[in-house]
Structure formats: C-alpha cells, structure tokens
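Working notes, structure below.
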Amino acid sequence: MVLEQFSLLAKNWLFIQVLVGGLLLGGVYALVAAGFTMIFGVLKILNIAHGEFVVLGSYVAYWVFILLGIDPILAIAVTLPAAALYGFATYFLAIESVSRKGIEPTIVASFGVLLILQSSMLAAFTGDPRSIVTEFTGESLVFGPVIMPLTKVLAFTLAVAALLVLSLFLNKTQIGKALRAVSQDAEASMLMGIPARALQRLGFVIGAMLAGLTGNVIAMVSSFTPTLGPEFLLKSFVILAIVGIGNVREVVIGGLLLGTVEAFGSFFLGAGMRNVVAYGLLIILLLIKPSGLFSKAEQREV
Amino acid sequence: MLLDVRDIYVEYQRDIEILRGVSISVREGYVSSVIGPNGAGKSTLLKTVMGILKPKRGSIIFEGKKIEGKQPNELVKMGLTYVPQRRSIFPQLTVKENLEMGAWTLRKNEGEVRRRMREVLELFPSLSEKINEKAGLLSGGQARMLEIARALMTSPKLLLLDEPSFGLSPLMTNKVYETITDLKKTGITILLVDQNLGKCMALSDYVYVIELGSVRGGGKRDEMPADVKEIIRRWLEAEEGREVESLSAD
Ligand SMILES: Nc1ncnc2c1ncn2[C@@H]1O[C@H](COP(=O)(O)OP(=O)(O)O)[C@@H](O)[C@H]1O
Ligand SMILES: [Mg+2]
C-alpha cells in the first residue's frame, strides 16, 4: 500500500502538492513557536498554556466575525489587543509572582492556566467545532497542477509577514535588542540600566499576541474547538527541539520542516496520524539530542 | 565618601551569613580594592552594593543616599556599574550592540551615545577592529575588555570590577591591568576585587582585607596597620610561590 502511494506521489505532481501543503502549514507552526520561544527566551519559563492563548485568538476572530460581520483578516485588529490583554492578565495573576522561584513553579502555574482557560472556553462556547466561512473559504489558487486553498495561502502570508515584522523589531530597534539582551543574560541587562522585569513582561505579552494571531489565522483555515490547545503546545515543543531557542529565522526553518514532515507523514499514514508523526519526531529528537531540549537556552535568544 | 558600606549582613540561605558586619568606604577619584581568599565574600559584597543581593541588615550609602534594596537598573541610573566575575557579554549581539546596550540610559540622545562610544573605544582599540562581530566570537580577554567598555558606556561615577583578570592568560591579564591603569588616570572611582594580589595592590590607593565574611582591616595602602600588612605580606609570598611553582612546572 505504501508502494502504491509512492507511485501516486511520483505521478500527478502530487509530491509538490503535498510539499506545498506542508510548507503552508509550517508557516503557521513557526508563528506559534515564535511566541512560545519568545516567552521562554526572556523569562526562561515554559508557557504550558500557550496553546490556549492560540485557541482564545481563534474564538476572538470567530466572534468578531459572527457578531460584527468583520472579515477574519480585519479581525486581527481586535485579536491582537485582546491577546495582549489576556496575556498580560495571565502574567500578572499567575506567572510573575512564581517566576522568581524557578522554572518548575511556572510549569505548574501555567498548567493551571491551561486548565482554567480550557474549561472556561468549554463552558462559554461549548465543545462544538466552530469555523469561519467567508466568501473566500472555498476559493483556490491554481498553479498548473498544484492547487492551493486561498485561505491557507492567506494564513501563510500573514504568518510570514508577522514573523518578518517580529524579526525586524528584534534586530533593528533598541527595545528589540534590549529584549534579546534580557533573554541572553537578564542580570547583565539590568547592569546596563535596562529594566529587565518590564521587558520580561513585554516579552510575555508579545508571545501571547503572536499566539493570538496564530489562532486568528487558524480560524481562517480550519475548524477549532476549546480543546485544541495542547496540539499547538506540542508543535512548539517539536520546533524548539529542532532548532533550540534560536532566532526568528531558525524558528521559521523549524516550522517549515515540521509542516513538511507532518504533511508527508499523514500522506503515508493517514491524516489522523498527523500528531503522532509530530510526537514521534519529538521523541526521536529528544533521543538523538543527548543534551536535551533547552540546553542551549543560555547562549541563545528569542 | 562616594560610597559607604555600613555594617552589612548578607546571606543566600537563611541563617548562613556570608557577610558578617562588613564596612568599607570608597573615596571619590581613587582606586580601592578588597582582597581576600577564595570564598571570603568579595563577590557577595560587590553584588550587594550593586543591588543584586539585598543585605539583611546594615546600610549602603552612595553620594549621601541610601541605596540598599534598589534594583541594579535603578543604581545604574544613579552612576554605579558592575562588571561581574563571570562572563556577562550578550553573545548574540555584536560588539557595537553590546556597547549600545551599555548606553541604554542615554539612548534618547543619539549624539551623546555616539560621542561616548568614540571615547570608550579610544581606550579599547582592539574592540574597534571587531565592532561588527558577534560578541560570542571574542576571545576571553577581548570579552573581558568588552565588559569593561560596556560598563563605561553607562557613564559611571563608580565602577565595580570583580576579578577582571579571572581566567585570563598572564599576557591578557597584563593588558587588562594596563587598561585599568589608563582608566584610573581618567579620574574614575574604582572598587576592585582581584585574586592577583600583586597587580591589585600596585594599582590601589586604598585596600581592605576580608576573610570569612569580615573585614580584617584596611586603609590607605601605604599606611596599613602592622597586622594587616603582615597578612598581605604572607598572601603575597604565597602568590609568588605559586608563580614560581607554575613557572618551574612548564
Ligand atoms: N548563589 C550562592 N548561593 C549560596 N552560597 C553562595 C552563593 N554564591 C556564593 N556563595 C557562598 O558565599 C561565600 C562567598 O562567596 P563569594 O562572595 O563568591 O566569594 P569570593 O568572591 O570572595 O571568592 C562562599 O562560601 C560561597 O560558597
Ligand atoms: Mg568572587
């Protein structure tokens, strides 16, 4: 059966079709991982509730569309401030006080946030899958034999644009450079007069905004439920395992790689196996990287 | 006095006092140093002055203001700066960006930042050549130079230097000390901690001897009490012995 699929791949340009599908998805994965690594970079905490930040972003876009009839692309103007708000609230209420005590308490605290956000969303929005259907939803771009759903192309474009802006911000502005300084050595940054704590708060909020934007973009391409969060956390972990806490460019490479591996994995094993493929990849990476997931954290950055 | 540390007690863990009633004074325009064996509490003292640690008791007075309990970034604004013993460059930023971070408090005034950077680089010609390189690629000695240069970018009134020659080759140690000697000539006030007693003593105007978290004595280098002089003489002898040993081992 696998052989049949190989021959299918060879014929009909299917190889390129699967590859393109994987890359389009990979751009969105890179966006979610960029937020996750931003938070890990500046605070050295694992935000276990990162996936819930994503799903909340999907619901914001959804309700803005349903209640106000605003297109999900324009809804970003609402999603970003909303994400900044729930990111800030989470940091203020659950993370900041425990973050000085080391990494373990923040894992527990953010796991608590995961449960609270997930159950609140279930209570408020039910577990029914939601999706946004606009006039573009069924449209596709056709390049010869390769067909690309328009929403996925839009989602990819938005993700790449956001990552570009992020990269420019981190590399060209003084505040962005200071954020990188804080993530490389928070104590040393304070010795420069940099208000490291304020920048850590800012980094957390930016991470949440990237997650919210990812959610907004996800809502354009697929249906979602309140329990989808951990899936995005898993993707972030895998990308982190591939590239470490690298710069934005490396996160993008990791995202595209994961998207591609998943696309071919689910092509051969069936779509239901997508997350199994991602998880398998994570296990393999953990086994062949003897130094562990976050060993490079000290030298690397956001 | 520019800085007065008055009877401070510091602990990392509850009831394990690392500093036990330490008092020292730093006079403006001079180099003061704190010497003592490994683990005596020298780094702990500097970290406490810089606000990285909080004293349990006692007070720290800088330019007449109490500063204990203030955050390091606030103290930088007041004119203190600290070069830690450990490596503390931002490895993923370039040399220039590292220096810009040192100018964080001046960042609104681009002209001033540029002027300051020119001034500082004059003291560190070796850094000018690497200005656009990632700081993580510098050698140990160059990295130490960058740390000192970056600290000077904050326009400090008081520079705290913790073991500037730590982990450096004898050649690099000499270079670092040449630089500190140049700095001294600019009139900046320095509080220095170093294992290299000979060099440290030669540079210092005031010396404090610290052992097991307490100051054994100190004062003007050339007017030390006899018992303190005796302690230093023994340490210096031991240090020369070590140097002779390491020479014969080669
Ligand atoms: N982070 C820490 N936690 C607990 N104890 C520490 C810590 N840092 C230093 N100490 C202890 O404090 C004492 C003084 O250390 P330190 O100030 O670094 O000495 P010095 O700089 O004079 O070599 C040592 O006994 C050391 O073990
Ligand atoms: Mg020390």
Side-chain angles (χ1 to χ4, degrees), chain A residues 34 37-38 40-44 96 99-102 166-203 243-251 253 294-302, chain B residues 43 46-47 49-54 70-94 96-110 113 134-137 143 146-156 159-162:
Chain A
T37 52
M38 161 72 84
F40 184 73
V42 293
L43 280 153
K44 305 291 174 277
E96 184 160 42
S99 73
R100 313 225 190 296
K101 303 229 151 67
L166 176 68
S167 179
L168 286 174
F169 168 67
L170 290 173
N171 289 299
K172 300 290 177 214
T173 68
Q174 287 299 311
I175 295 201
K177 287 178 193 175
L179 268 172
R180 290 167 62 207
V182 169
S183 67
Q184 287 166 47
D185 193 331
E187 187 180 282
S189 76
M190 292 182 93
L191 296 175
M192 308 293 103
I194 294 171
R197 298 216 172 135
L199 284 175
Q200 286 172 328
R201 206 174 299 140
L202 176 69
V243 296
I245 305 296
N247 51 37
V248 175
R249 190 169 8 117
E250 288 172 325
V251 170
I253 292 169
F294 311 114
S295 56
K296 285 193 194 157
E298 252 62 72
Q299 305 101 297
R300 307 297 283 279
E301 49 177 336
V302 285
Chain B
S43 295
L46 293 195
K47 282 184 202 165
V49 170
M50 200 57 211
I52 295 169
L53 299 169
K54 266 192 204 115
K70 283 202 197 300
Q71 292 292 320
N73 52 316
E74 300 173 71
L75 295 177
V76 171
K77 277 190 212 137
M78 296 179 68
L80 280 101
T81 191
Y82 170 52
V83 179
Q85 180 173 336
R86 65 179 181 88
R87 184 86 318 132
S88 65
I89 49 164
F90 305 121
Q92 299 291 322
L93 299 187
T94 64
K96 181 155 182 260
E97 288 168 334
N98 267 272
L99 293 173
E100 282 171 5
M101 290 299 113
W104 176 260
T105 49
L106 305 172
R107 71 192 182 286
K108 299 270 155 61
N109 187 344
E110 266 180 56
V113 173
K134 283 255 167 87
L137 299 174
L146 175 58
E147 285 162 357
I148 299 173
R150 195 180 59 175
L152 293 174
M153 289 296 293
T154 66
S155 313
L159 173 63
L160 310 175
L161 284 176
D162 197 347

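Values in this document were obtained by computation on a predicted structure and should not be read as measured data. Heavy atoms only: backbone and side chains are in, while hydrogens, waters and symmetry mates are out. Sequence lines set the chain letters: A, B, ... in the order given, protein chains first and strands last, and positions in each chain run from 1.
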Could you report the tightest heavy-atom contact between [X] and [Y], atom names first, then the distance?
X      : Y      : answer
A:P195 : B:N73  : CA-ND2, 3.2 Å
B:W104 : A:A178 : CZ3-CB, 3.5 Å
B:S88  : A:A188 : O-CB, 3.4 Å

- prompt: Of B:R150, B:M153, B:E100, which meets side chain to side chain contact (heavy atoms under 4.5 Å, CB included) against A:M192?
  reply: B:R150
task: Applying side-chain contact (heavy atoms from CB on, under 4.5 Å), run through B:R86 and A:D185 and close with a yes or a no.
output: CA-CA 11 Å; B:R86 65 179 181 88; A:D185 193 331; 2.8 Å; yes
Atom group of B:M101 that falls short of 4.5 Å from chain A, counting heavy atoms: both
message: Go through it in stages, so that I can follow the logic: the residues are B:F90 and A:S189, the test is side-chain contact (heavy atoms from CB on, under 4.5 Å), and I'd like the CA-CA distance, side-chain angles, deciding distance and then a yes or no.
response: CA-CA 9 Å; B:F90 305 121; A:S189 76; 4.1 Å; yes
message: Just so I understand: if I count every heavy-atom pair under 4.5 Å between each of B:K77, B:E97, B:M50, B:E147 and chain A, which residue has the most?
response: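 Looking at each of B:K77, B:E97, B:M50, B:E147 in turn, B:E97 comes out on top.
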field: Validation row: A:L191, B:T154 side chains within 4.5 angstrom (heavy atoms)
entry: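 No, every pair of side-chain atoms sits at 4.5 Å or beyond.
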query: Between B:Q92 (side chain) and A:R180 (backbone), is there a donor-acceptor pair under 3.5 Å?
result: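 No, because the side chain of B:Q92 does not come within donor-acceptor range (under 3.5 Å) of the backbone of A:R180.
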message: Between A:E187 and B:K47, does any side-chain N to carboxylate O distance fall below 4.0 Å?
response: no
